[in-house]
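Reckoned from all heavy atoms, side chains included, excluding hydrogens, waters and symmetry mates. When a ligand or atom number is given, it counts from 1 through the structure's own listing order.
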Amino acid sequence: MNKRSWAEPFKIKMVEPLRMTTREERERAILDAGFNTFLLRSRDVYIDLLTDSGTSAMSDRQWAGMMMGDEAYAGSENYYHLEEVVQRYYGYKYLIPTHQGRGAEHLLSTLCIKPGDLVLGNMYFTTTKAHQELAGGRFVDVICDEAHDPNDPSPFKGNVDPSKLERAIDTAPPGRVAYLCLQMNVNMAGGQPVSLDNVRQVSDICRVRGVRVFLDATRAVENAYFIKLREPGQAHRSISEILLELCSLTDGCTNSAKKDCLVNIGGFLAVNDPDLAEQARNLVVVYEGLHTYGGLAGRDMEAMAIGIEESVQLDHVRARVGQVEYLGQKLIDAGIPIVRPIGGHGVFLDAARILPHIAREEFPAQALTAALYVDSGIRSMERGAVSAGRDPDTNENVFPSLELVRLTIPRRVYTQAHMDVTAESVIEVASRAKEVQGMRFVSEPKYLRFFQSRFEPMPARASADASTRRIRAIPSDAVR
Ligand SMILES: *Cc1c(COP(=O)(O)O)cnc(C)c1O
């Protein structure tokens, strides 16, 4: 049978017009932004694929929930609704809301990491690692080797390598492993899932050795969908059942509700240990707010509770991941090197292969984000050496094996026509790859440098001819 088309499982009730810009306007805008897409103004962006964080469209039911905000300082109804929903779908006993994911990471890192501790994880995540390091910890990567190879087709490239995990724990000084942070749908590996079987195995290894496991549940719902799709024996189970089992194998989670949970702001820490919950409630009042709102308005918690219920519906996840797949497949068909298999929340372009003439020291992924923006107004994000930052011991740049550009798809926001326009722009820029120049830092912040650093193009090579100069990312008189 021919493959039948699918469509978004919603219709559009309200629209937000997009502003179109000229190429000249975009050249000026990216120059003003120091060639960092985080520093662009949103009004200058046509299709915003910077992140899927906090960029979801809420449903009519969520908006109705916003009107039901109980803005009491203490004991808001919406807190109790959220607590009930988190217990039902994630299964943890105690909920501490936070303003977003990193608020929860801050609490967990502060409470569970002593200076000099090792913190294990399946590939780092930027804010997670920053909080671990600020608490005095050292991150140790125990992800499987396949995760570092953009061409490896394994279905669960987010998996922890069990032997790396055992070695890391067994060679650490006794009591110096703070915990394992087990990330779902590993973001920096290209949105690659972890298998249920791997979570079971990893949880056993840690339990026997007395090491706690905390889920980074930010993308656990989408991870559960991949388990249903790809893991033998899981196809008949619902997303909720799989999600509950994933969480049941761990001691707690941090969660950025700005992703799977379909809200524009919010997050939470959820744990099973009553003592840890008590300590977190103590700390949350210092940094976020009272333990029944954690930096959120009552209405935000209500929208989150409703969003969680919508997020585990199969129709929703299938269309969400399906849209990412649609864009990725278009690029694969056009011969563009991307991370495979296609991940859950975005398509990751292999910038090192698209721009082989740019040395890693000249940040090909950063250069590609700027070139894509200038071509079409599409905003993407660097996920390579700039994001990886510097080694805390040597202060040298870290060059991760993956040098990627992420086209992240917000949930329920864009149509497939937007995906077509995006694919065409990537194909156009890749076909003129040689015209893209490498970048160097003009300014570099100490923490999470990718957010605010500024760049300039490397000086043009002597061999650059006039036509090359004409289509450079920026006007030549403006190169500083
Ligand atoms: C976004 C994200 C975080 C941080 O959450 P914020 O809400 O942005 O603070 C942590 N872990 C993962 C995997 C994420 O994708």
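Inter-residue side-chain proximity for M304 and F268 is flagged as met; some heavy-atom pair is nearer than 4.5 Å.
The one candidate from F450, F441, F35 that meets the ring pair (Phe, Tyr, Trp, His ring centres under 6.0 Å) condition with F455 is F441. The only option from R212, R176, R138 that meets the salt bridge (Lys or Arg N to Asp or Glu O under 4.0 Å) definition with D117 turns out to be R176.
Under the 3.5 Å distance criterion, with hydrogens and angles disregarded, a donor-acceptor pair is assigned to the side chains of E105 and T128. For the 3.5 Å distance criterion, the side chains of S109 and H131 fail to qualify, holding no donor opposite an acceptor. S387 and E382 form a side-chain donor-acceptor contact under 3.5 Å, judged by distance and modelled atom types alone.
Ranking protein heavy atoms by distance to atom 10 (C) of ligand 1, first place goes to E105 OE2, 3.0 Å. The protein atom (non-hydrogen) at minimum distance from atom 6 (P) of ligand 1 is Q100 NE2, 3.3 Å. Nearest protein heavy-atom neighbour of atom 3 (C) of ligand 1: F125 CE2, 3.4 Å. In this structure, the protein non-hydrogen atom closest to atom 14 (C) of ligand 1 is K259 NZ, 2.9 Å. When hydrogens are left out, the protein atom nearest atom 12 (C) of ligand 1 is D216 OD2, 3.4 Å; that is the closest non-hydrogen contact. For atom 8 (O) of ligand 1, the closest heavy atom belonging to the protein is R102 NH2, 3.0 Å.
Proximity to N187 (heavy-atom distance under 4.0 Å) selects the following atoms of ligand 1: 15 (O). Listed by atom number, the atoms of ligand 1 under 4.0 Å from S256 heavy atoms are 5 (O), 6 (P), 7 (O). Close contacts of ligand 1 with R219, meaning ligand atoms under 4.0 Å from a residue heavy atom, involve 15 (O).
In this structure, Q192 contributes its side chain and P341 its backbone to a donor-acceptor pair below 3.5 Å. A distance-only check finds no donor-acceptor pair linking the side chain of R167 to the backbone of P162 [under 3.5 Å].
Between Q183 and ligand 1, a contact under 3.5 Å exists for no N or O pair. Ligand 1 has no nitrogen or oxygen under 3.5 angstrom from a nitrogen or oxygen of T127. Close N/O approach between G101 and ligand 1 is found [any backbone or side-chain N/O within under 3.5 Å].
No more than 12 heavy atoms of other residues, nucleotides or ligands sit less than 6.0 Å from atom CZ of R299.
Proximity of K258 to ligand 1, defined as any heavy-atom pair under 4.0 Å, is confined to the side chain (atoms from C-beta onward).
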